[in-house]
Participant: 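Below is the structure I would like to discuss, written out as C-alpha cells.
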Amino acid sequence: MQLKFDFNNMMDAYIGEQGIAEAEIAAVSELSKDAYSYFEKNRGTGWMGWSELPYCQAEEVADIICTAADIRAHYKNFVVLGIGGSALGPMAVYNALCHLRNNELDEDKRSVKFYVEDNVDPERMQSLLDVIDVKETMFNVITKSGATSETMSQYLIITDILKKKCGKDWAKHIIATTSESKGNLIKLAKSEGFKTYFIPDGVGGRFSELCPVGLLPAAVLGIDIVGMLRGAANMDKACNSSDPFKNPALMAATLSYIAMEQKGKNISVMMPYADSLKLMADWYCQLWGESLGKATDFDGKLVHKGQTPVKALGVTDQHSQVQLYTEGPFDKVITIIGVEHFRKDVEIAKGAEEFADVNFLCGHTMGELINTERRATEYALTRSKHMNRTILLDAVNAESIGELMMFFQLETAYCGKMLNIDAFNQPGVEEGKNATYAMFDRHGYEAKKAELEAAPKKNDRYIIG
Ligand code: PA5
C-alpha cells in the first residue's frame, strides 16, 4: 500500500483532553465491528455496488480503453456535462493525475483539452463555447438519474449547437453515461444512437468515480485506469478486518464517530499539501457531507447527524484559515494529506547570500519546503491541542489515488452505519431538485408547486438595499 493513515494527533497522549483515549475506541468496538460486518454482509448489494467495482469491470475497462484511444485520435477536446457525483470525481482525478496546466500545454504534450461543466452559470457555458470548436469536441453527458435539470439543460444546449454545426454526424459527438434502467438520457441515447456506458444500479453518484463515470474521462486523459482500480482493490483488501487497528478505514471511521458524537468536533477540514490533490478535497466534501448529513436515522428518529466538511489547501491556507485552526474553537478535525515524493521538484536557487533571512532557503527544494511546512503545521495544531490526522501518500499516481478514494469511501460507509443513518440516500438534494422542477412547471410536480406557493412570503422589511 502507498497510503499510510497516521492518527497519533487524534489521541489523548498527544492532545490531552481534546483527544481520544484507547479506552474510548474499545468502548465503541461493538459498533465498529457491527459496521464492518454490515458492510461485508452487504457488499455488492443494494447501494453498496461500488464496493465490487475494482473487481467486476474487465469488459467495461477493455471497451473504455479502446474508446478512449479512438477519442484521443479524433477529438481535441473532451467535455464532461454533469454535476455532483457525476462531475467531482472526474475533476479530482484529472487534477491529481494530469499535468496541472494540461489545457495550456502544446498539443503534442497532452492527450486532449479537458473541461468539466458542472454548473448552469450562463457566462461559464458561453465562455466554454468561446474556446472550443464543437466539431473537434467529444461531450460526455453523465447523469445517473438521467433527469438532473442542470445536466439535461446543458445537453439540450449542446445538442442544438452540434446539430447546427455537425449535421448528420452530430450524435457521434456524444457519449452518454447513465443508468440502464431509468431516466430520460437512456431513452434519448437509444433513439439518437449515442455510444453509452452504464452506471450500475448499486452505485450512487458520489461513489461512482471507479465506474464508467470516472473511468472514461480518466482513460481519455491517458490515465492508467487499471492502476486506479488495482489501488482501490489494494485498499479494500487492506481493510479486511473487524479490528480497527488492522483496518485503516475502520479506524478512521471509529475515530470520526467518536470525534463527532463524543468530542464535539462538528467540522471536518480536508487539507491536502499538494495542488494535485486540491480537488480531492472537493470530492471528499461531497462524499462526507452528502452521505452523513441526515435528518433521520435508520429507525426513523429525528437525529440531524453530520459533520460539516471544509476544504483547505496547504500551504496556501496556512496564510488564511490555519490561524483559526490553531487558535479557534476545538470543534474540528483537520485531515492533512501529505505526499512524500513529488513527481517533479524545483530547486530553490541561490541569489541572496548577503541576506541570511532569505539565504536559509537556498539549496533546498520546493518539495522539501512544502513537506517541512506540512510537518510544521501538524506540530502547531498538535501543540495547540487541535485534533488532526495525516494521510500520507508515497507519491501521487493512479494506484495511490485509487487507494485514497477507496479509503474515504470505506470510511464514509462504516461511519454511516456507526451513526445509524443511511449514507447512500440524499433526500435533501432531491428536495432542491424537486422544487426546481415545480418552479419550472414540470409535469407531475403540481403538488410541489402548490406547496411552494403556500410557503410564507418574504417580508420586505428584512431586505435592505
Ligand atoms: O451523490 C449523488 O447522488 C448526487 O450528488 C448526484 O451525483 C447529483 O445530484 C447528480 O445526479 P445525477 O447523476 O443523477 O445527474
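Computation of the quantities below employed the complete heavy-atom set of this structure, encompassing side-chain atoms and omitting hydrogens, waters and symmetry-equivalent molecules. Atoms within each ligand, like the ligands themselves, are counted from 1 in listed order.
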Participant: Find the distance between CG (L53) and CG (L215) and round it off to the nearest 0.5 Å.
Facilitator: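 Rounded to the nearest 0.5 Å, the CG-CG separation comes to 8.0 Å.
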Participant: If you measure from the Lys or Arg side-chain nitrogens to the Asp or Glu carboxylate oxygens, is any gap between K135 and D169 under 4.0 Å?
Facilitator: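 No.
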Participant: Could you list which atoms of ligand 1 come closer than 4.0 Å to a heavy atom of S86?
Facilitator: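 Selected atoms, number and element: 7 (O), 13 (O).
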Participant: Can you tell me which residue and heavy atom of the protein come closest to atom 9 (O) of ligand 1, and the distance to 0.1 Å?
Facilitator: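 Residue, atom and distance for the closest contact: K433 NZ, 3.2 Å.
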Participant: Can a side-chain donor-acceptor contact be found between D130 and Q126 if the only test is distance below 3.5 angstrom?
Facilitator: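 A donor-acceptor contact under 3.5 Å links the two side chains.
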Participant: Counting each atom of ligand 1 from 1 as listed, which ones have a heavy atom of R206 under 4.0 Å away?
Facilitator: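 Every atom of ligand 1 under 4.0 Å from some heavy atom of R206: 1 (O), 2 (C), 3 (O).
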Participant: How long is the gap from CD on Q318 to OH on Y273, to the nearest 0.5 Å?
Facilitator: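 The OH atom of Y273 is 3.5 Å from CD of Q318, to the nearest 0.5 Å.
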Participant: Would Q426 and R206 count as having a side-chain donor-acceptor pair, cut-off 3.5 Å?
Facilitator: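 Their side chains do contain a donor-acceptor pair, which is all the 3.5 Å distance test asks for.
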Participant: Among all protein non-hydrogen atoms, which one is nearest to atom 6 (C) of ligand 1, and what is the separation to 0.1 Å?
Facilitator: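 Protein heavy atom at minimum distance: G85 N, 3.9 Å.
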Participant: Report the nearest protein non-hydrogen atom to atom 4 (C) of ligand 1: residue, atom name, distance rounded to 0.1 Å.
Facilitator: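 Result: E290 OE2, 3.2 Å.
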Participant: Which ligand 1 atoms, with their elements, are less than 4.0 angstrom from a heavy-atom of K144?
Facilitator: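 Within the 4.0 Å cut-off of K144, ligand 1 contributes 12 (P), 13 (O), 14 (O).
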Participant: Could you identify the single nearest non-hydrogen protein atom to atom 15 (O) of ligand 1 and state the distance to 0.1 Å?
Facilitator: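 Here the closest protein heavy atom is T148 OG1, 2.5 Å.
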Participant: For D422, what residues pass the salt bridge (Lys or Arg N to Asp or Glu O under 4.0 Å) criterion, not counting sequence neighbours?
Facilitator: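 Scan of D422 (salt bridge (Lys or Arg N to Asp or Glu O under 4.0 Å), adjacent residues dropped) gives none.
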Participant: Below the 3.5 angstrom mark, is there an N/O of S145, backbone or side chain, next to an N/O of ligand 1?
Facilitator: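 For ligand 1, there is an N or O atom that lies under 3.5 Å from one belonging to S145.
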Participant: Quick one: nearest non-hydrogen protein atom to atom 8 (C) of ligand 1, plus distance?
Facilitator: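 Ranking protein heavy atoms by distance from atom 8 (C) of ligand 1, first comes I83 O, 3.7 Å.
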Participant: Name the closest protein heavy atom to atom 5 (O) of ligand 1, giving the residue it belongs to and the distance to 0.1 Å.
Facilitator: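 Looking at atom 5 (O) of ligand 1, the protein heavy atom closest to it is Q286 NE2, 2.7 Å.
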Participant: Could a heavy atom of E150 be found less than 4.0 Å from some atom of ligand 1?
Facilitator: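 No, E150 has no heavy atom closer than 4.0 Å to ligand 1.
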Participant: Is any side-chain N of the basic residue among K263 and E24 closer than 4.0 Å to the acidic one's carboxylate O?
Facilitator: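 E24 and K263: salt-bridged.
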Participant: Between K417 and E411, is the closest basic N to carboxylate O distance under 4.0 Å?
Facilitator: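 So E411 does not pair with K417 through a salt bridge.
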